[in-house]
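Since the structure comes first, as structure tokens, the remarks are kept for the end.
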Protein chains: 4
Amino acid sequence: MVTDRGRTFASDNWAGVHPDVMAAVVAANGYHAPSYGDDPVTRSAEELFRQHFGDDAEVFLAFNGTGANVIGLQSLLRPFEAVICAATAHINVDECGAPERFLGSKLLAVTTPDGKLTPELVARAVWGVGDEHHAQPRVVSITQSTEVGTCYTVDEVRALAEWAHGRDMWLHLDGARLSNACASLGVGLAAFGSSAGVDVLSYGGTKNGAMGAEAVVSFRPSEASGLRYIRKQSMQLASKLRFTAAQFTALLSDDLWLRNAQHANAMARRLAEGASAIPGVHVAFAVEANGVFAFLPPAVTEALQAEYPFYKSDVADGLVRWMASFDTTEEDVDSFIELIAEVMGELG
Amino acid sequence: MVTDRGRTFASDNWAGVHPDVMAAVVAANGYHAPSYGDDPVTRSAEELFRQHFGDDAEVFLAFNGTGANVIGLQSLLRPFEAVICAATAHINVDECGAPERFLGSKLLAVTTPDGKLTPELVARAVWGVGDEHHAQPRVVSITQSTEVGTCYTVDEVRALAEWAHGRDMWLHLDGARLSNACASLGVGLAAFGSSAGVDVLSYGGTKNGAMGAEAVVSFRPSEASGLRYIRKQSMQLASKLRFTAAQFTALLSDDLWLRNAQHANAMARRLAEGASAIPGVHVAFAVEANGVFAFLPPAVTEALQAEYPFYKSDVADGLVRWMASFDTTEEDVDSFIELIAEVMGELG
Amino acid sequence: MVTDRGRTFASDNWAGVHPDVMAAVVAANGYHAPSYGDDPVTRSAEELFRQHFGDDAEVFLAFNGTGANVIGLQSLLRPFEAVICAATAHINVDECGAPERFLGSKLLAVTTPDGKLTPELVARAVWGVGDEHHAQPRVVSITQSTEVGTCYTVDEVRALAEWAHGRDMWLHLDGARLSNACASLGVGLAAFGSSAGVDVLSYGGTKNGAMGAEAVVSFRPSEASGLRYIRKQSMQLASKLRFTAAQFTALLSDDLWLRNAQHANAMARRLAEGASAIPGVHVAFAVEANGVFAFLPPAVTEALQAEYPFYKSDVADGLVRWMASFDTTEEDVDSFIELIAEVMGELG
Amino acid sequence: MVTDRGRTFASDNWAGVHPDVMAAVVAANGYHAPSYGDDPVTRSAEELFRQHFGDDAEVFLAFNGTGANVIGLQSLLRPFEAVICAATAHINVDECGAPERFLGSKLLAVTTPDGKLTPELVARAVWGVGDEHHAQPRVVSITQSTEVGTCYTVDEVRALAEWAHGRDMWLHLDGARLSNACASLGVGLAAFGSSAGVDVLSYGGTKNGAMGAEAVVSFRPSEASGLRYIRKQSMQLASKLRFTAAQFTALLSDDLWLRNAQHANAMARRLAEGASAIPGVHVAFAVEANGVFAFLPPAVTEALQAEYPFYKSDVADGLVRWMASFDTTEEDVDSFIELIAEVMGELG
């Protein structure tokens, strides 16, 4: 049932590498260049980051999303301080405790209706300030787009930043799928940079057509952040960094980041629309990025998974997650909708 | 002065990617595959690792050498236990304190004449056993080939393993350049696996023609080592792992690992011979892998570096390091020797 | 309003030291003795611990409750493993993130109706087992008596231990007020040792009349637990340990631990009964140890606190906490009840 | 052979508690007082600290020396930064790796002739500044008096502070035996405070007649140091803090700290003079505090230890350590000298 190129809706990291990204990686080869980022490809990538995120952006390329989150957060807090995040946050449920381990800090996880924090929700988690027995809230961390496929508007992020900054706190943004959010909202990447009050963010390439390329973008002075050293000590500095950088030079040129994200988002919407029309399928969250979350009868989930791999969501019983990628086709979507309808007809 | 492709003797990580490795990366693209290693390319790589290192080898692919060392060591000791290593060890001087930070353990650094530990040297660092005030020695960590370009023989490693195992200690091997050592000694990779008493090793691809691919090879049962979880929590698990794995399927097929290493070693020997013949140049250590360490007058070093980048060594004043790569040519070597001779003639 | 000796219901750690404990401390003085526990007083204390907790008990004296909890837990899990505890647990809310910082582990906090975990509640927090992206549940940690003044029965603890052990997990017990629980239940301290399936516990002296004396009691072999080294590395080993030990020789002799706890419990019950009888005062949890939790109108709380210090509880809005101590008198209780009644009459 | 009160020269922490200190502890009992330091005894102690160390001194009482050192250092550096200390430093050899574990930082241990760092010695350990592969030197940590019984002069400390501050580094002082140094040098405690450029110090009570009382004295603003939270998270905050504080109110009143230290120092000098006069006994370091280090023939050491416990020193083969305490008597010294002479006569 799976397509001839194995395409499924399991995860956007099941997809391969966009051809333009691969071409850039290949083009970065064939010569010697200084290691650890002191090379022309990395400098080009950094320049592109500044073009997209603003001149005050400092960029530290990293290996993976967990790494980017952990080093970005490390630059913002001390071990006796705490991070407030949604209970559904990747840092809270999908990183095997890496944040606690490497920050030494407590995560204060907040239950949300839709994966999104608000000043009101954050405020409830902030207590014990000034009391040495309590981990001191210091960073609000949000995910854009969220782990349940919703997006913060620019105003929502700005409101959180203002709330945080007014309390001597920082705003961190896990942008593993920031491209999808920006594509969905019709704004540039800088919309979620310092102008929105974000202090440090992770920008993900991997889920948007890269091979394995993430970046920490910091809007604080590098002497204060210590990120150069944090990245190295946290084992996130590649020696042949140009091959990571090349992935970003491709993504950040000619709007490839945007086109990939727009396409994935459109495929998710197409899937959501088609699936919603099937009696018994209930789409759970607004489809604002490249993920669709739906409630299905357990027997249907099982039968579908047997033919077409995808994951159940941890968020609720009966909930499943379908992710679209840069290379998902309309045929992939339509044939999957057909399959869902068929199985629902039999077992739903 | 630098070659048209920028080749220098600065570091084997200034080289690019071997064409066969790049071809394997490209070939791993174009389709969806399960992430985090549950894909056919990773399985092939794991199978190749077992062919080379033995059936008892468990393999955990990682991003970089620091990461591979830190997660391998994590599987062997608790924070109140200590690692004994040479003072020159990469884990001691080149990882920004990552081992201390992520192991929580003390490194007991031992001064050596040639970058190599011996049971006698290790024994001097082992004291306070059973005394709760002292970090308890638990792991001996050696680097093969060493940071000063020398190699342990198989017997030397076995002697260290026996010494360690006789005291309820483990032997860890940092094999960032294990290929070079095996090429130099004329043995297979398994020679430094469990048959030599090594418990966990890092095997490096990056410095031998890969883009960025390292592996932890463990000879202990995975339930005991916990390496699956350690790798994830330590931020060393790639989502699109097949692209890391593909680099190893190339290196470990058709003896590419060996050919690359043999070539680099040969170029280093050629350089050492040529340089030794120049009056005033003193090669400091046996050239048993792909690195040459030489004493030069400071003015000569400076003049050479102005035309041809390379690093001074931390090991001693006046010492410089030259590294050969898989793509170093005889012309590169010969013209560099000529340059050295010329500068020595003027300033030496 | 506060008594002439300053006695309040703020906390059992506002009380001083029981005279017999102080006498034992004084008696331990006046001579030289080996440090770090190799002295006769410490040996006596250890012997008393074995008499009370069983011959399989290994004892490690520590400074404070946070320290005892953190080192006990350290002996049970690795950083990629998680601790399941009640959301109200001291380790979760009152230790400034020390567990996360020093274990490197995630705490999985479970909401409970009464501060008590059950196998059913724990089971809901156990998921993602075998999935490397999730911190692996490894320890169930309970508090006896709980932070809201309730007690586990022996059977309840045994059920949790069986549940945990059946899943290759451990049971940890924070017994900062274990004496109060045993006094309340009419059982000896060993009732919550290995016979109940507890693997490691903290036993608190400080809140029961000591000056500052806590102990980790482990029922696992010391080679496996590593507790000797963990205690030292975790900065919980006193040099003049005999003065900590002496506090326990007093408490564990002539049933002093029991008499102190029985008295404090009785005073709490007296207070609860008296307060309950006042219209508008609602006692929130079963008073099974030395703490009383009650809902009061905010204005009443404020007026009372102005005369008689005590704490609001984090557990719910409007909830206050009153703790009785070994030296609380019936007069203290009765005059406080009178005050509550008076203020309720005016402002309630 | 050991005295009737068990007095030996094994360690100053084998001694008990000075009667005045014990009296202060007893006097702090008998009433309720707020916990965690919000009590009158702690406030008195803090006031006395400011009288002795200067008005800019912020004081955080702690349990033990390892704890005080680790929390003081934590306030000064981040994990990617390093501490430079003497190879003989307590933090390097006697704390079971607690500094590495809880700072996450590297210790750069420097070999010294006499336990004392100098700007020249420190300078040699400072390299790789600005290079992300190296832990960045950030703190110079000295011990006063040193672990081999020598003292820094005020000028020597000031020179180190100036050197450090000129390089954006801090000066930490482990003053477990600061009283002995001040007594020896004839200066007040403030001589090694901010006027000498010390940024944070540990001040030890335990080895000078307390039961178990150490303090971190910081000359930096508390918002920057975070020490309130660091102390709690690092498990060094006592609930009934008044009983720690009382030990310091005794020591810091009526010059008790000074009298105890002067006496111990005098006893050490008497022992050194007597022992030096015995042929074959070689006193190794200047006796500037309360410790004597001497070279003895191994057989003599063994025979002496059989009658009178003391420790061999790790510093060199054949070296032994004898420590005098506040309660060492002239008779103790003289009879021990006699014994040494006797055994040397037989076996030397």
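Order of the sequence lines sets the chain letters (A, B, ...), proteins ahead of strands, with each chain counted from 1.
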Self-check item: chain C-proximal positions within residues 13-20 of chain D [heavy-atom distance under 4.5 Å]
Solution: D:Asn13, D:Trp14, D:Ala15, D:Gly16, D:Val17
Quiz item: So which of C:Ala98, C:Ala10, C:Ala33, C:Gly30 has the biggest tally of heavy-atom pairs under 4.5 Å with chain D?
Solution: C:Ala33
Exercise. Side chain from CB out, backbone as N, CA, C, O: work out which of these in D:Leu237 comes under 4.5 Å of a heavy atom of chain C, or both, or neither.
Key: backbone
Quiz item: So which part of C:Ser325 gets closer than 4.5 Å to some heavy atom of chain D, the side chain, the backbone, both or neither?
Solution: side chain
Self-check item: Min side-chain heavy-atom separation D:Val25-C:Met22 under 4.5 Å
Solution: yes
Quiz prompt | Per-residue contact mode, C:Asp327 against chain D (heavy atom under 4.5 angstrom) | solution = side chain
Quiz item: Looking at C:Gly67, C:Ser239, C:Gly212, C:Pro34, which makes the most heavy-atom pairs under 4.5 Å with chain D?
Solution: C:Pro34
Exercise. May I ask you to name which of C:Phe102, C:Tyr36, C:Tyr229 has the most heavy-atom pairs under 4.5 Å with chain D?
Key: C:Phe102
Self-check item: chain D contact via C:Asp12 - side chain, backbone, both or neither, heavy atoms under 4.5 Å
Solution: backbone
Quiz item: In terms of ring plane angle, is the pair D:Phe63 and C:Phe63 parallel, tilted or perpendicular, where the classes change at 30° and 60°?
Solution: parallel
Self-check item: C:Ile71, part contacting chain D, at a heavy-atom distance under 4.5 Å
Solution: neither
Quiz prompt | Contacting region of C:Ala28 [heavy-atom separation from chain D under 4.5 Å] | solution = neither
Self-check item: Under 4.5 Å from any heavy atom of chain C - which part of D:Asp94
Solution: backbone
Quiz prompt | Any side-chain donor near an acceptor of the partner, D:Lys232 and C:Thr66, under 3.5 Å | solution = yes
Quiz item: Looking at CE of D:Met235 and CD of C:Glu214, how far apart are the two atoms once the value is rounded to the nearest 0.5 Å?
Solution: 13.5 Å
Quiz item: Looking at D:Arg242, D:Gln236, D:Gln233, which has the largest count of heavy-atom pairs under 4.5 Å with chain C?
Solution: D:Gln233
Practice problem: With a 4.5 angstrom heavy-atom cut-off, could you sort out which part of D:Ala68 is near chain C: side chain, backbone, both or neither? | Solution: neither
Self-check item: CA sep, side-chain torsions, deciding dist, call: D:Arg7, C:His32, side-chain contact (heavy atoms from CB on, under 4.5 Å)
Solution: CA-CA 5 Å; D:Arg7 288 190 302 274; C:His32 280 218; 3.2 Å; yes
Quiz item: With chain D, which of C:Ser11, C:Ala62, C:Ala238, C:Gly97 has the greatest number of heavy-atom pairs at distances under 4.5 Å?
Solution: C:Gly97
